[in-house]
Amino acid sequence: MSRIEALAERIGDIPITTRNNVVRGKSRDSFWYSPILKEKLKNVTAEAIVSPRSEEELLRVLAACWALDIPVTPRGGGTGNYAQAMPLAGGVVLDMKQMNRIKSIGEGLLVVEPGAVLSKIEVETREHSGQELRMHPSTRETATIGGFVAGGSGGVGSVRWGMLREPGNILRLRLATLEQDPRLIDLTGDEIAIVHHSYGVNGIITEVELPLAPAQDWVELLIAFDDWMTTVRAGWAVAHHEGLWLKQLAAIQAPAPHTYFSRHRRFLRESDNVLCILAAPNAVQPLLDLLQKDGGRVAFHSGRASEEDRKGLPHLYHLTWNHTTLLALKIDPAMTYLQVGTPEKDPLGAVEEIAQRFSGEIIGHVEYIRAAGRLYASLLPLYRFSNETRLMKVMGDLEAMGCACYNPHVYTYEEGNHCDADPARLDLKRRTDPKGLLNPGKMIGWENPDYSYDPTGTYEFAGLHKTAP
Ligand SMILES: Cc1cc2nc3c(=O)[nH]c(=O)nc-3n(C[C@H](O)[C@H](O)[C@H](O)COP(=O)(O)OP(=O)(O)OC[C@H]3O[C@@H](n4cnc5c(N)ncnc54)[C@H](O)[C@@H]3O)c2cc1C
């Protein structure tokens, strides 16, 4: 009997499938955004998909996987970009989407199971009491709350509330451990940060408690400018005005808007650089007054657009965050992206230098983020990929300029987050996953606790080859 047959026998009526097309589909996430990961991980596949419907079922699955030494990779909507949800060592993918109940909605508070899809949560919270999530990734319609907490970092809403990691943006997490007798543990305070963005390596999230914000009828604006740096500076200036209630603010450089935003193209000129904005209704007029003084032209205003104009348009946030890359990739498969933190001292100077030095290779994309009382110009620029050597050279040059590159073309936590092995994450993992069965291959520190950050991004998980057909 194979280990998967033994697992099926142990878990009884809990849904499990080994159907090839399902297993193959659910063994992949949005790793193909990276031409490097796309090639490296194309043969990665699980052996089975298991879909627990409750904490009790999940604990039974985990106990069986412990007994049979089966690796377990949790999965929400599968929209992660760095192969976070891909089963590098085979084993089981835990499809968490059946655990999707909203447990309670209170004033400013939500308790929810991890498999709930973000847009569905917001339908409920709006109907219940006119509230919404503080932030969501631009994959709001497909991503789950568990996947966002375990794999994401911020998004639409971060211009006001900061990234998910900011204190107060996640209030409590409940985790299931992978031990002989799996336990449920509630984490608050500092331990939340150790589980957030850890790719599920130190426990399966079974419950999330989050703050809610008052919902608004967000007005969508595309403000066009002739010049890139005027656009970036105008965005920087309005983002500083905390009295303007914004939910999203991004600057995107020409020619990307006209070339890649195919359904908004009819409102744009080829030379347009744009600010993509979601503003509360009471912020729109003062915002427009400021931006028009800077030379901005209102290319699209959802409050003024006719029904005909709005027909077939995606949400405006589908032009931002990593949707910008998706739109570019659809039209030009050579495009991929970088994740770049600008130096605190002169962030806009770095944006300008990048535009000058890498013209034709990098197209600018700034996401404005507020965190701990500061404003950041975080870059998600489009990058025209030629080969890996050139990509690494460009990232090296950006680092030499004082930027920090969070390499999105690697699958390990440390390489992607520009950090050494993290003792706190490792310590929790030793307590929650002593056999190292949770999402193997994603944390270098598990194999090498002394690992120091290596910008070459060349780490290879030894267990990976076992999964190739
Ligand atoms: C077009 C596009 C746009 C994007 N925009 C953004 C953005 O704006 N902001 C952003 O942060 N990210 C963004 N991303 C990345 C991704 O969409 C988000 O991180 C998203 O929140 C992931 O949710 P998911 O349910 O798809 O998670 P998955 O991809 O399924 O999983 C993500 C990680 O979480 C782990 N995981 C899933 N469920 C659990 C659980 N219950 N317990 C423990 N671990 C778990 C998985 O193992 C994996 O490591 C984007 C991706 C794409 C393709």
Side-chain angles (χ1 to χ4, degrees), residues 26-34 46 52 55 58 62 71-88 92-100 112-121 133 135-159 163-165 169 173-178 195-208 248 250 314-315 317-330 337 339 365 367 369 378 380 406 408 411-413 416 432-433 438-443:
K26 297 222 162 165
S27 297
R28 293 164 163 256
D29 59 11
S30 299
F31 75 117
W32 46 267
Y33 267 53
S34 160
E55 275 177 349
L58 173 67
L62 295 175
V72 175
T73 300
R75 173 191 171 92
T79 64
N81 297 115
Y82 333 119
Q84 297 110 302
M86 289 179 67
L88 302 185
V92 152
V93 163
L94 263 186
D95 179 354
M96 298 300 293
K97 284 184 79 174
Q98 301 308 312
M99 287 180 63
N100 57 17
V112 64
E113 287 187 337
V117 169
L118 301 170
S119 58
K120 292 196 175 147
I121 294 175
L133 296 168
M135 71 192 73
H136 61 79
S138 59
T139 46
R140 177 174 173 267
E141 291 76 14
T142 35
T144 61
I145 191 70
F148 185 37
V149 167
S153 46
V156 181
S158 291
V159 66
M163 302 298 270
L164 256 183
R165 64 173 172 263
N169 282 339
L173 295 176
R174 179 172 295 166
L175 276 192
T177 63
L178 207 170
V195 174
H196 162 51
H197 205 64
S198 284
Y199 309 169
V201 299
N202 44 23
I204 306 293
I205 298 168
T206 67
E207 190 173 290
V208 182
Q248 169 61 21
H315 282 296
Y317 59 77
H318 284 156
L319 307 179
T320 66
W321 291 88
N322 237 342
H323 266 80
T324 317
T325 320
L326 180 62
L327 296 175
L329 259 168
K330 278 186 180 166
Y337 74 118
Q339 299 180 140
H365 171 184
E367 291 289 345
I369 291 164
S378 178
L380 274 175
Y406 301 96
Y411 55 78
T412 63
Y413 172 80
T432 55
D433 177 28
L438 280 174
N439 213 348
K442 304 291 169 27
M443 190 177 273

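Just so you know, ligand 1 is whichever comes first in the structure, and atom 1 is the first atom listed for that ligand. Atoms considered below: every heavy atom in the structure, side chains included; atoms not considered: hydrogens, waters and symmetry mates.
- Every N/O-N/O distance between Thr142 and ligand 1 stays at or above 3.5 Å.
- Each of the atoms 47 (O), 49 (O) of ligand 1 lies under 4.0 Å from some heavy atom of Tyr199.
- The aromatic rings of Tyr337 and Tyr33 sit perpendicular, their planes meeting at an angle over 60°, well past the 30° parallel limit.
- Ranking protein heavy atoms by distance to atom 15 (C) of ligand 1, first place goes to Asn81 OD1, 3.4 Å.
- At under 3.5 Å, not a single nitrogen or oxygen of Tyr33, backbone or side chain, sits near a nitrogen or oxygen of ligand 1.
- Close contacts of ligand 1 with Gly203, meaning ligand atoms under 4.0 Å from a residue heavy atom, involve 43 (C).
- In summary, the atoms of ligand 1 found under 4.0 Å from a heavy atom of Phe148, numbered by their order in the structure, are 11 (O), 21 (O), 23 (O).
- The two residues Ser27 and Pro87 come nearest to each other via the heavy atoms O-CD, 3.4 Å.
- Looking at atom 9 (N) of ligand 1, its nearest protein heavy atom turns out to be Gly154 O, 2.6 Å.
- In terms of protein heavy-atom proximity, atom 42 (N) of ligand 1 is closest to Ile205 N, 2.8 Å.
- Aromatic ring pairs are classed by plane angle as parallel below 30°, tilted from 30° to 60° and perpendicular above 60°; the pair Tyr317 and His315 is parallel.
- Without hydrogens or angle criteria, His197 side chain to Gly151 main chain gives a donor-acceptor distance under 3.5 Å.
- Across every non-hydrogen atom of Leu380 and Asn322, the tightest pair is CD1-N, 4.3 Å.
- When heavy-atom distances to ligand 1 are checked against a 4.0 Å cut-off, Pro74 comes that close through both its backbone and its side chain.
- The part of Asn439 lying near ligand 1 is the side chain, judged by heavy-atom distances below 4.0 Å.
- From the protein, the heavy atom lying nearest to atom 48 (C) of ligand 1 is Gln84 CB, 3.4 Å.
- Given atom 45 (C) of ligand 1, the protein heavy atom at minimum distance is Ala150 CB, 3.5 Å.
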Take Val117 and Thr142 through the side chain to side chain contact (heavy atoms under 4.5 Å, CB included) test and state the conclusion after the steps.
CA-CA 6 Å; Val117 169; Thr142 35; 5.9 Å; no
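- Of all atoms in ligand 1, listed by their number and element, those nearer than 4.0 Å to a heavy atom of Gly200 are 43 (C), 44 (N).
- What sits closest to atom 29 (O) of ligand 1 on the protein, heavy atoms only, is Gly80 N, 2.8 Å.
- Listed by atom number, the atoms of ligand 1 under 4.0 Å from Pro114 heavy atoms are 41 (N).
- Formation of a donor-acceptor pair under 3.5 Å by the Thr432 side chain with backbone atoms of Asn202 is found in this model.
- In plain terms, the two heavy atoms of Pro52 and Asp95 that are nearest each other are CD-O, 3.7 Å.
- Considering backbone and side-chain N/O of His136, none are found under 3.5 Å from N/O of ligand 1.
- Shown in contact with Met96 at under 4.0 Å from a heavy atom are these atoms of ligand 1, numbered in order with element: 41 (N).
- At a 4.0 Å heavy-atom cut-off, ligand 1 touches Ser30 through the side chain alone.
- With rounding to the nearest 0.5 angstrom, the OG atom of Ser378 is 8.5 Å from the OH atom of Tyr406.
- Nearest to atom 13 (C) of ligand 1 among the protein's heavy atoms is Pro137 CB, 3.9 Å.
- The distance from ligand 1 to the heavy atoms of Gly152 drops below 4.0 Å at these ligand atoms: 11 (O), 19 (O).
- Of the possible donor and acceptor atoms, none in the side chain of Asn439 sits under 3.5 Å from a partner among the backbone N and O of Pro74.
- Looking at ligand 1, you won't find any N or O of Ala143 less than 3.5 Å from one of its N or O atoms.
- Counting all heavy atoms, side chain and backbone alike, Glu55 lies closest to Arg174 at OE2-CD, 3.2 Å.
- Set against the non-hydrogen atoms of Gly78, the atoms of ligand 1 under 4.0 Å away are 24 (P), 26 (O), 28 (P), 29 (O), 30 (O).
- Note: an N/O pair closer than 3.5 Å links Thr139 and ligand 1 by distance alone.
- At least one N/O-N/O distance between Thr79 and ligand 1 falls below 3.5 Å.
- Between Pro114 and Thr144, the closest heavy-atom pair is O-CB, 3.3 Å.
- Formation of a donor-acceptor pair under 3.5 Å by the Glu367 side chain with backbone atoms of Trp321 is found in this model.
- Between the side chain of Arg75 and the backbone N or O of Met86, no donor-acceptor pair lies under 3.5 Å.
- The minimum heavy-atom distance linking Thr320 with Ala250 is given by the pair CG2-CB, 4.1 Å.
- Polar contact check, Ser138 against ligand 1: a nitrogen or oxygen pair lies under 3.5 Å apart.
- In this structure, atom 33 (C) of ligand 1 lies nearest to the protein heavy atom Gly151 CA, 3.6 Å.
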